[in-house]
Protein chains: 2
Amino acid sequence: MSPEDTNTIAENLLGQTTGRSTPIRLAVLGILLAAKTALNQQEIEQQATRQGLTADRVTLYRTLDWLVEQGVAHRIASNDRTWRYKAQANLATPHAHFQCKHCGQLFCLEHLQPALLVSLPQGYQLDAIELKLQGTCPNCTLKYAT
Amino acid sequence: MSPEDTNTIAENLLGQTTGRSTPIRLAVLGILLAAKTALNQQEIEQQATRQGLTADRVTLYRTLDWLVEQGVAHRIASNDRTWRYKAQANLATPHAHFQCKHCGQLFCLEHLQPALLVSLPQGYQLDAIELKLQGTCPNCTLKYAT
DNA sequence: AATTTTTATGCAATTTAGTTGCAAAATAAT
DNA sequence: ATTATTTTGCAACTAAATTGCATAAAAATT
């Protein structure tokens, strides 16, 4: 996805939220759209800095929370005890995630859509399904090939 | 499960590990077997104290890591940014988890065994599947019934 | 049985992700 | 222009988890 595209998409997505479309929100959402993997706060801050945007750590946390709340980004628990965030043009289609045990990268598998075949025990009310796969990513498969 | 049972099971499980079967490890594993939900370090420490066992926080963290490493306990990322631990008699049968958004309790759904129907994209090597469901638990369903 | 080696535990200090409260800045509404 | 609302920044704080090192306990060796 080209930077112009992500910017346009980010603007469109922000248009669908309640609240203001600020430079920081736009930039962060753009970063989350453009990224190949899900990023944590630190990585997002670094990427923002690279783009010449400085934003306070706290603001980033709040922005990320807000984006998730608004449904234009989603949050996944990473192995390294941080939250990682990702966004895509097609709003929040539920999908699986894959985290590599070697490099730690967290991929969205947009074509793997979790669904429940068996039913839950009595009394449980389901809101969301989280499907996370663990293993070795393509890159590390090559790297650590025997 | 009665306390005697869990103790016996814990001893058996520890027998299958490399490393020593110490009082702390036995007690912690017993707690993880007896618990209805997955517990975090703090809750485990409280439970241990109730049983008259005092163990350093660091030792608990190390014990938990070790139990997971040895495959006699498993670890799930909780919504509250802590790791929660659980063990069962039948060693590490992969199963789904359910976390309640109201009370935060994390349940093991041992009869819900995740399996992948669709195949992964080229190059990804799968080690483990994590299936976590979010929603309202039976207790909170009653509590917050409209 | 005494000594050496290995493994497990405790303690103190540190790291780091994430949060809170409040003031200042920016934007929108009147 | 003025007022009200929302967003951002700063400083201080919380709490989970980690690290390094010394001590204790258990196992292995002589």
Side-chain angles (χ1 to χ4, degrees), chain A residues 10-11 13-31 38-49 51-70 72-85 99 104 106, chain B residues 10-11 13-31 38-49 51-70 72-85 99 104 106:
Chain A
E11 272 172 4
L13 289 175
L14 286 183
Q16 297 175 40
T17 65
T18 73
R20 298 174 188 171
S21 176
T22 68
I24 290 182
R25 287 175 177 177
L26 194 65
V28 170
L29 186 51
I31 289 169
L39 309 177
N40 62 23
Q41 179 273 324
Q42 216 185 0
E43 293 166 338
I44 293 165
E45 183 167 13
Q46 286 165 3
Q47 183 59 33
T49 305
Q51 297 180 9
L53 181 102
T54 56
D56 191 72
R57 235 162 34 91
V58 177
T59 303
L60 282 184
Y61 277 118
R62 285 199 272 234
T63 301
L64 292 167
D65 278 355
W66 182 83
L67 290 173
V68 171
E69 228 173 69
Q70 296 290 324
V72 293
H74 64 280
R75 193 180 79 160
I76 316 111
S78 176
N79 280 343
D80 62 0
R81 227 165 272 100
T82 68
W83 295 114
R84 301 188 106 86
Y85 301 83
Q99 185 152 32
L106 214 167
Chain B
E11 272 172 4
L13 289 175
L14 286 183
Q16 297 174 40
T17 64
T18 73
R20 297 173 189 171
S21 177
T22 68
I24 290 181
R25 287 175 177 177
L26 195 65
V28 170
L29 186 52
I31 289 169
L39 309 176
N40 62 22
Q41 179 272 325
Q42 214 184 6
E43 292 165 339
I44 293 165
E45 183 167 14
Q46 286 165 3
Q47 183 59 34
T49 305
Q51 298 182 8
L53 180 101
T54 55
D56 191 73
R57 250 178 54 243
V58 177
T59 302
L60 282 183
Y61 278 117
R62 287 199 271 238
T63 300
L64 292 167
D65 278 355
W66 182 82
L67 290 172
V68 171
E69 227 172 72
Q70 296 289 322
V72 293
H74 64 279
R75 191 179 80 159
I76 317 110
S78 176
N79 281 343
D80 62 359
R81 228 167 269 99
T82 67
W83 294 114
R84 300 188 107 85
Y85 302 83
Q99 185 152 31
L106 213 166

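Order of the sequence lines fixes the chain letters, A, B, ..., with proteins taken first and strands second; residue numbering starts at 1 for each chain.
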Specify the separation, in whole Å, of atom CG of B/Asp56 and atom C1' of D/dT19. 13 Å
Backbone N or O of A/Gly104 within a donor-acceptor pair of the A/Gln99 side chain at under 3.5 Å? yes
What are the bounds, 5' to 3', of the part of DNA chain C that sits under 4.0 Å from heavy atoms of chain A? C/dA17 to C/dA28
What is the distance, to the nearest angstrom, from the CD atom on A/Gln70 to the C1' atom on D/dT7? 13 Å
B/Arg81 vs A/Trp83 side-chain heavy atoms within contact, under 4.5 Å: yes
Rounded interatomic separation in angstrom, taking CG from A/Leu60 and C1' from D/dT7: 13 Å
Apply side-chain hydrogen bond (donor to acceptor under 3.5 Å, both in side chains) to A/Gln42 and A/Gln46, showing your working. CA-CA 6 Å; A/Gln42 216 185 0; A/Gln46 286 165 3; 5.1 Å; no
Residues 17-29 of chain B vs salt bridge (Lys or Arg N to Asp or Glu O under 4.0 Å), sequence neighbours excluded, gives none
I need the minimum non-hydrogen distance between B/Ala10 and B/Gly30, along with the two atoms involved. CB-N, 4.1 Å
For the helix from C/dA1-D/dT30 to C/dT30-D/dA1, how many degrees between its two end axes (five pairs per end), to the nearest 10°? 20°
Any side-chain heavy atom of B/Leu26 within less than 4.5 Å of one from B/Glu11? yes
For B/Arg84, give me all partners under side chain to side chain donor-acceptor pair (under 3.5 Å), at least two apart in sequence or on another chain. B/Glu43, B/Ser78, B/Asp80
Heteroatom pairs (N/O) under 3.5 angstrom, protein to nucleotides 14-18 of chain D:
{"residue": "D/dA17", "atom": "OP1", "partner": "B/Trp83", "partner atom": "N", "Å": "2.9"}
{"residue": "D/dA17", "atom": "OP2", "partner": "B/Tyr61", "partner atom": "OH", "Å": "2.9"}
{"residue": "D/dA17", "atom": "O3'", "partner": "A/Arg81", "partner atom": "NH1", "Å": "3.2"}
{"residue": "D/dA17", "atom": "O3'", "partner": "A/Arg81", "partner atom": "NH2", "Å": "3.4"}
{"residue": "D/dA17", "atom": "N7", "partner": "B/Arg57", "partner atom": "NH2", "Å": "3.0"}
{"residue": "D/dA17", "atom": "N6", "partner": "B/Arg57", "partner atom": "NH2", "Å": "3.1"}
{"residue": "D/dT18", "atom": "OP1", "partner": "A/Arg81", "partner atom": "NH1", "Å": "3.3"}
{"residue": "D/dT18", "atom": "OP1", "partner": "A/Arg81", "partner atom": "NH2", "Å": "3.1"}

Here the residues of residues 13-23 of chain A within 4.0 Å heavy-atom distance, strictly under, of DNA chain D are A/Gly19, A/Arg20, A/Thr22
Please output the side-chain donor-acceptor pairs of residues 55-70 of chain A that fall under 3.5 Å, not counting sequence neighbours, one pair per line with the distance.
{"residue": "A/Asp56", "atom": "OD2", "partner": "A/Val58", "partner atom": "N", "Å": "3.0"}
{"residue": "A/Thr63", "atom": "OG1", "partner": "A/Thr59", "partner atom": "O", "Å": "2.7"}
{"residue": "A/Gln70", "atom": "OE1", "partner": "A/Thr18", "partner atom": "N", "Å": "3.1"}
{"residue": "A/Gln70", "atom": "NE2", "partner": "A/Thr18", "partner atom": "OG1", "Å": "3.4"}

Looking only at heavy atoms, the pair that brings B/Leu106 and B/Ala77 closest together is CD1-O, 4.4 Å
Residues which pass side chain to side chain contact (heavy atoms under 4.5 Å, CB included) with B/Ala48, listed by chain and number, not counting sequence neighbours: B/Ile31, B/Leu53
Rounding to 0.5 Å, atoms CG (B/Leu29) and CD1 (B/Ile44) come to a distance of 10.5 Å
What nucleic acid atoms does A/Arg62 come within less than 4.0 Å of, heavy atoms only: base, sugar-phosphate, or nothing? base
